[in-house]
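A note on names: the letters A, B, ... follow the listed sequences, proteins ahead of strands, and every chain is numbered from 1. Predicted, not measured: the structure shown is a model, and the values here were computed from it.
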Amino acid sequence: MTLLTVSGLVKHFAISGSAKLVQALNGVDLEIARGETLALVGESGSGKTTVGRCVVGLIEATKGSIVFDGEPMTTARNIRHPEVRGRIQLLFQEPMESFNPRETIARAMMEPLIYLGVSGPDRVKRLREVLALIGISERVAESLPSDLSPGLLQRAAIGRAIMSKPDLLVLDEPTSALDPTSRAEIVDLLIRLQAETGIAYLFISHDLSTVRFLSSRITVLYLGSVMETGPAEEVCARPRHPYSVGLMASVLLPHPSLKAPERLKLEGEIPSPVDLPPGCPLASRCPFVEPACRTAKPPAEYPAKGHLVHCINHEKVAALDESIDQFSEFRAISDRMLSVGAPTAPAWAG
Amino acid sequence: MALARTIENEAPVIALRNLTVAYPRYGGEPRTALAGIDLAIDAGEMVGLVGEAGAGKTLLARTIMDAIPGDGRLVCGEMDYRGAPISRIGRDDSPVRPGRDIAMIVSNPRNELNPVLTVGTQITNVIRHHLRLGKAEARERALQMLRAVAIPDPERRLDAWPHELSGGMAQRVVIAIALACNPGLVISDDATSALDVTVQRQVLDLFKALVEDKGVAALLITRDIAVTAHYCDRIVILYDGEVVEDAPRKAFFDRPHHPYSVLLMAAFAHSVSLRRQWTAAPLKTAASPACRFAERCVRRQPRCIAEAPALRDVAPGRRVRCHFPVEAVA
Ligand SMILES: Nc1ncnc2c1ncn2[C@@H]1O[C@H](COP(=O)(O)OP(=O)(O)OP(=O)(O)O)[C@@H](O)[C@H]1O
Ligand code: SF4
Ligand code: SF4
Ligand SMILES: [Mg+2]
């Protein structure tokens with residue numbers, strides 16, 4: 001069942017002192033079903049954050065529509081509107097942004113429930129439930145944000161976001177400020193919470209190895225346009241858009257044998273999103289470019305069920321060498337390698 | 001003379017011995033931020049230094065550059081550059097100069113470049129200052145460097161302002177400046193992490209090629225162990241100011257020996273079962289354990305609390321700081 005539908009989303013920003021516009025989003029479509037994770041990936045300036053902020057109604061779309069659970073989301077009917085409040089939550093990249101430095105974690109976590117009119121005892125009851133879910137003790141919850149490590153604080157921020165039992169959590173780069181080990185813990189927590197509560201995620205990230213195992217589906221964004229959307233495994237192992245192929249080939253995984261084959265080279269860098277030429281946004285970097293790419297935006301095509309791609313040459317892309325899912329490959333290598341020598345007895349507890 | 005030169009050539013470009021840096025702590029013992037770092041890098045070798053936030057990566061780089069931030073103090077330790085001690089680095093009479101012999105590239109290239117000078121002026125200023133070349137020669141050398149870092153249309157770029165450059169181009173210019181005076185050692189401190197992945201690959205490929213081509217010693221500092229798997233000859237893992245593992249690339253990734261190295265790899269694999277295996281329950285004793293990793297270590301034993309492990313050789317070119325390293329079992 002569809003929870004969120006974004007259609008034809010356009011967002012332009014004015015540049016002060018200039019008649020030009022930043023074309024941040026240029027017709028983005030996406031859909032999230034209840035209980036699933038859609039990852040939105042792309043490099044800087046692709047418009048990921050802008051999509052997230054339009055979805056929760058923090059900024060107004062220039063064009064297009066956003067429908068959450070059958071009702072429109074706008075800046076007038078946004079994440080703070082009484083009809084929506086508590087049903088969508090937003091998590092930021094910097095864990096500190098979710099907290100007030102002078103307020104304990106526990107207080108901050110209960111705060112969203114005050115606005116929902118939940119009684120004091122019920123707030124405390126829900127706090128206990130959530131603390132158990134996220135694995136933070138009541139003693140730790142009595143500390144101030146500055147006493148917690150960034151990883152633990154992000155864990156608490158997730159707890160705060162799920163206090164109101166939302167249907168959708170929008171996460172904007174929630175792990176990019178964290179160290180690898182804390183990042184992995186947060187990913188585990190998100191997967192577990194979804195299994196236990198059926199919450200849906202819009203997960204915004206540029207970290208493909210995290211996205212590969214966290215999300216059901218992936219949407220690849222480039223210069224404010226969707227390049228490709230499909231099941232996570234398909235997009236990672238058999239990308240159909242030249243940009244996705246280039247992106248996957250750039251990912252480095254921690255094993256020397258896992259260098260993604262350079263099946264395709266993207267020349268140069270991302271152009272600025274001002275005065276975008278008509279046609280395919282990748283045309284300036286694409287090895288498959290042909291004159292037709294520059295005249296009109298490539299239409300949506302469906303190489304397989306549930307797999308959408310905006311490229312007139314996607315069949316040529318599919319015909320590139322056999323590709324591998326290097327993320328799964330790495331997981332297999334590490335399972336084989338690291339399970340040897342794992343301690344059988346627990347660590348000495350002191 | 002000939003013999004002396006041979007010996008000199010065989011010495012590593014940089015050798016650090018027992019480098020220890022401490023910060024005073026209000027009302028307490030100073031905090032040892034770098035504890036007895038031993039590390040040597042040969043010409044043409046690229047060493048990857050990996051550690052989490054606060055492990056001391058940048059501090060190590062700044063110590064080598066003779067620019068310890070804040071009120072940190074070099075407690076003890078020695079540094080050799082091409083076999084000669086450089087304890088007086090940075091002084092006017094020192095034969096070794098930061099910026100010329102040891103260059104550093106950091107993560108925000110735009111902050112490195114002076115916004116009010118053209119790219120050409122900035123490169124030639126560095127070249128003229130360190131190599132004492134004339135204007136025309138310096139300009140020629142600058143052009144050569146821009147070509148070496150694969151900047152398209154280098155003649156025109158000499159007159160460009162920093163704000164006209166994209167992130168990737170700005171990082172290339174910074175690399176060009178770093179390598180312009182033929183340094184023996186280049187330190188890259190997280191220099192590519194802020195770049196987009198497609199651009200990061202381009203810049204790393206280029207950096208690696210230049211290091212090999214010019215026979216420079218390179219220290220590639222990163223939080224991302226994946227980068228080191230593809231670009232470095234040797235991997236050094238830093239944990240809380242200590243080198244805990246140092247191994248050739250292939251050996252390291254085939255079998256990491258230190259429990260922390262394993263935990264890092266498991267984090268990247270996103271394998272819940274692996275991480276559960278390698279994540280320790282909290283330690284109950286209040287006293288701070290002798291091994292700095294003990295709090296998080298699944299292999300810890302009473303001995304780890306009482307006795308600090310030394311960095312010891314376990315195989316040729318391979319060192320581990322652990323009483324109970326993960327050895328090959330198969
Ligand atoms: N308030 C604003 N005013 C003007 N331009 C903006 C504003 N917010 C975003 N933009 C522009 O919109 C484009 C898309 O920005 P967005 O922040 O969504 O990218 P992103 O994919 O999240 O990138 P990153 O990974 O760097 O955060 C960028 O070119 C950005 O500069
Ligand atoms: S439409 Fe043309 S330019 Fe765009 S990705 Fe496909 S081949 Fe490349
Ligand atoms: S010395 Fe002990 S506590 Fe320290 S890393 Fe080795 S096994 Fe773990
Ligand atoms: Mg963003």
Side-chain angles (χ1 to χ4, degrees), chain A residues 42-46 150 177-185 187-188 191-192 206-210 212-214 243 246-247 249-259 262 265-272 285 327 330-335 337-343 346-350, chain B residues 52-53 152 166-169 196-202 204 223-231 249-250 253-256 259 262-275 277-285 289 294 296-302 304-305 326-330:
Chain A
E43 298 177 273
S44 66
S46 60
L178 305 178
D179 280 314
T181 50
S182 335
R183 181 180 70 199
E185 282 164 20
V187 171
D188 283 359
I191 293 175
R192 192 163 52 77
H206 65 266
D207 175 6
L208 288 152
S209 57
T210 294
R212 167 66 183 88
F213 295 113
L214 180 72
Y243 178 66
L247 200 61
S250 311
V251 173
L252 296 170
L253 288 172
H255 200 274
S257 70
L258 284 175
K259 191 148 191 161
E262 273 214 73
K265 212 171 180 126
L266 292 175
E267 299 295 337
E269 296 179 33
I270 306 167
S272 96
R285 300 175 72 193
F327 303 103
F330 177 63
R331 189 187 254 184
I333 290 181
S334 27
D335 268 328
M337 197 169 75
L338 304 183
S339 52
V340 182
W348 181 70
Chain B
E52 56 193 21
S166 66
M169 284 301 151
D196 281 314
V197 282
T198 55
V199 181
Q200 182 190 43
R201 261 309 260 284
Q202 297 167 359
L204 281 169
R223 280 199 214 179
D224 184 358
I225 198 172
V227 166
T228 65
H230 301 279
Y231 292 94
R249 166 171 60 177
K250 188 167 180 319
F253 286 101
D254 281 347
R255 173 145 305 283
V262 177
L263 187 65
L264 262 183
M265 299 269 277
F268 274 88
H270 287 294
S271 163
V272 179
S273 59
L274 269 185
R275 278 220 327 291
Q277 252 170 352
W278 288 95
T279 304
L283 185 60
K284 291 195 198 100
T285 46
R296 294 169 66 187
C297 184
V298 274
R299 294 176 70 88
R300 72 174 172 246
Q301 301 295 321
C304 311
I305 313 301
V326 185
E327 307 284 3
V329 175

Chain A: which of B:Ser271, B:Ala266, B:Pro259 shares the most heavy-atom pairs with it under 4.5 Å?
-> B:Ser271

Relative to B:Tyr231, does B:Arg249 satisfy both conditions: NZ or CZ under 6.0 angstrom from the six-membered ring centre, and within 45 degrees of the ring's axis?
-> no

Sort B:Thr228 into side chain, backbone, both or neither according to what part of it lies under 4.5 angstrom from a heavy atom of chain A.
-> neither

May I ask you to decide if the ring planes of B:His270 and A:Phe213 are parallel, tilted or perpendicular, using 30° and 60° as cut-offs?
-> tilted

Chain A shares the most heavy-atom pairs under 4.5 Å, among B:Gly167, B:Cys297, B:Gly168, B:Pro152, with B:Gly168

Proximal component of B:Gln202, with respect to chain A [non-hydrogen, under 4.5 Å] | side chain

Could you grab the distance from atom CG of A:Leu247 to atom CD of A:Glu43, nearest 0.5 Å is fine?
-> 5.5 Å

Separation between CD1 of A:Ile270 and OG of A:Ser46, rounded to the nearest 0.5 Å | 7.0 Å

Of all of B:Arg223, B:Met169, B:Gln200, which one pairs up most often with chain A through heavy atoms under 4.5 Å apart?
-> B:Arg223

Can you say whether B:Arg275 sits under 4.5 Å from chain A via the side chain, the backbone, both, or neither, judging by heavy atoms?
-> side chain

Against chain A, label B:Ala281 side chain, backbone, both or neither, depending on which of its atoms sit under 4.5 Å from a heavy atom there.
-> neither

What part of A:Leu214 is in contact with chain B, defined as an atom under 4.5 angstrom from a non-hydrogen atom: side chain, backbone, both or neither?
-> neither

Sort out for me which of B:Asp254, B:Leu264, B:Ile225, B:Leu263 touches chain A most, counting heavy-atom pairs under 4.5 Å.
-> B:Asp254

Side-chain donor/acceptor of B:His230 to backbone N/O of A:Leu253, under 3.5 Å = yes

Salt bridge between B:Arg296 and A:Glu185, side-chain N to carboxylate O under 4.0 Å?
-> no

Residue A:Ser182 versus chain B: region with a heavy atom under 4.5 Å | neither

Region of A:Arg212 in contact with chain B, defined by heavy-atom distances below 4.5 Å | neither

Rounded to the nearest 0.5 Å, what separation is found between the OG1 atom of A:Thr181 and the CD atom of B:Glu52?
-> 5.0 Å

How far does CZ of B:Phe253 sit from OG of A:Ser257, to the nearest 0.5 angstrom?
-> 10.5 Å

